[in-house]
Amino acid sequence: MHAALALRFAAIVHALCRAVAARGARGALAAPVVILLWLRLNRASKRIDSLAARLDAAGGALPAPKPDRRRNRPARRSKTLPRRFAWLLRPIPEATAAASQLRHLMADPACAALLEAEPRFGRILRPLCRHLGIRPPACIAPREPPPAPGRPKPAPDPAPESIPEIPTHAAPPAPRIRPRAQRPVRAPPRPA
């Protein structure tokens, strides 16, 4: 069951990769961006396929991932793609078809249940949704970061009863606007 969803996702990514390569060859995107986008799309497809295969083999539920030891290391700066919402739709108009297909795939009840049950799928799909201008479903939408420790929470807005009422008066009369007198238009001097 999960393999079928992975195949549908792979078909969407494959079509998007073809469009990226075609537009990249015409110069719509810089070559490094084309290569980086191609690699990220293919890696997302392989990760979805691998995760779906492991989920099918496990019979439904996967064990929680092991804690990542690399989190204690300083983060190295990786190459990044633009982060603007729906940035990919402008240089690659064919991406609108992929966005529509991905939106339809995520609306499928089987896929929605899978996204709800397994948050790792959401971590893979969230950047692609942002690139294609898709508002992700609530189950994979990014969560608000917790407040920083040691910082006080901002005071809540005052209750409506404690806000002083602003007296209302009759509106002042509208100012009179006088039209400007038009100057006569002078004809250009005639050549002699």
Side-chain angles (χ1 to χ4, degrees), residues 1-21 24 29 32-92 94-149:
M1 175 177 108
H2 302 108
L5 293 173
L7 283 175
R8 286 174 61 189
F9 180 73
I12 293 168
V13 168
H14 181 68
L16 188 57
C17 283
R18 277 190 308 213
V20 166
L29 288 170
V33 174
V34 170
I35 293 168
L36 185 60
L37 184 59
W38 179 277
L39 292 173
R40 295 260 174 102
L41 288 172
N42 282 317
R43 184 172 46 208
S45 179
K46 288 177 185 174
R47 287 176 62 197
I48 291 277
D49 189 36
S50 169
L51 196 53
R54 286 189 296 153
L55 205 62
D56 281 340
L62 286 176
K66 295 178 182 176
D68 193 5
R69 295 180 193 174
R70 291 179 289 173
R71 291 185 190 221
N72 295 336
R73 296 182 194 164
R76 75 177 179 170
R77 187 151 169 93
S78 64
K79 308 270 189 259
T80 59
L81 291 170
R83 294 180 188 261
R84 240 178 16 256
F85 186 75
W87 72 269
L88 192 56
L89 300 179
R90 190 173 203 188
I92 304 174
E94 297 89 350
T96 54
S100 173
Q101 291 170 358
L102 184 61
R103 192 177 298 115
H104 182 71
L105 176 66
M106 289 191 301
D108 183 2
C111 185
L114 179 64
L115 291 174
E116 188 75 38
E118 186 56 57
R120 287 177 258 192
F121 282 105
R123 284 193 290 274
I124 298 169
L125 290 177
R126 201 176 301 129
L128 185 58
C129 287
R130 185 177 59 245
H131 298 325
L132 294 174
I134 300 172
R135 301 267 180 229
C139 58
I140 68 168
R143 293 175 183 81
E144 291 294 320

- Task: Please report the closest heavy-atom contact between Ala95 and Leu16, naming both atoms and the distance.
- Result: CB-CD1, 3.8 Å
- Could you grab the distance from atom CG of Leu29 to atom CG of Leu88, nearest 0.5 Å is fine? 7.0 Å
- Message: Minimum heavy-atom separation for Trp38 and Ala21, please, with both atom names.
- Response: CZ3-CB, 4.0 Å
- Note on the structure: Value for CD1 (Ile12) from CG (Leu105), rounded to nearest 0.5 Å, stands at 5.0 Å
- Note on the structure: Closest non-hydrogen atoms of Ile140 and Arg126, given as atom of the first, atom of the second and distance, are O-NE, 2.6 Å
- Task: Hey, could you give me each pair passing ring pair (Phe, Tyr, Trp, His ring centres under 6.0 Å) that has a residue in residues 40-59? Not counting sequence neighbours.
- Result: none
- Query: Where the side chain of Asp49 meets the backbone of Ser45, is there a donor-acceptor pair that is under 3.5 Å apart?
  - Reply: no
- Task: Considering non-hydrogen atoms only, spot the tightest contact between Cys129 and Met106 and give its length.
- Result: SG-CE, 3.4 Å
- Message: Let me confirm one number: the OG-CD1 distance from Ser50 to Ile124, rounded to the nearest 0.5 Å.
- Response: 8.5 Å
- Task: Would you mind listing every ring pair (Phe, Tyr, Trp, His ring centres under 6.0 Å) that reaches into residues 119-140, with sequence neighbours excluded?
- Result: Trp87-His131
- Message: Would you say that Pro136 contacts Leu125 through its side chain, given a criterion of any heavy-atom pair below 4.5 Å between the two side chains?
- Response: no
- Item | Distance, nearest 0.5 Å, that separates CG of Leu5 from SG of Cys111 | 5.5 Å
- Query: In Å, rounded to the nearest 0.5 Å, how long is the span from CD of Glu118 to NE2 of His2?
  - Reply: 9.0 Å
- Task: Could you check Arg40 against Leu36 for side-chain contact (heavy atoms from CB on, under 4.5 Å), going step by step and ending with a plain yes or no?
- Result: CA-CA 6 Å; Arg40 295 260 174 102; Leu36 185 60; 4.0 Å; yes
- First locate atom NE2 of His14, then atom CG of Leu7, and finally report the distance between them rounded to the nearest 0.5 Å. 13.0 Å
- Can you check whether Val13 reaches Ile48 side chain to side chain, under 4.5 Å on heavy atoms? no
- Which is it for Val20 and Val33 under the side-chain contact (heavy atoms from CB on, under 4.5 Å) test, yes or no, and what are the steps along the way? CA-CA 10 Å; Val20 166; Val33 174; over 6 Å; no
- Specify the closest pair of heavy atoms between Glu94 and Ala19, including all atoms of both residues, with the distance to one decimal. CB-CB, 3.7 Å
- Task: Looking only at non-hydrogen atoms, find the nearest pair between Ala3 and Ala52 and report the distance.
- Result: N-CB, 4.4 Å
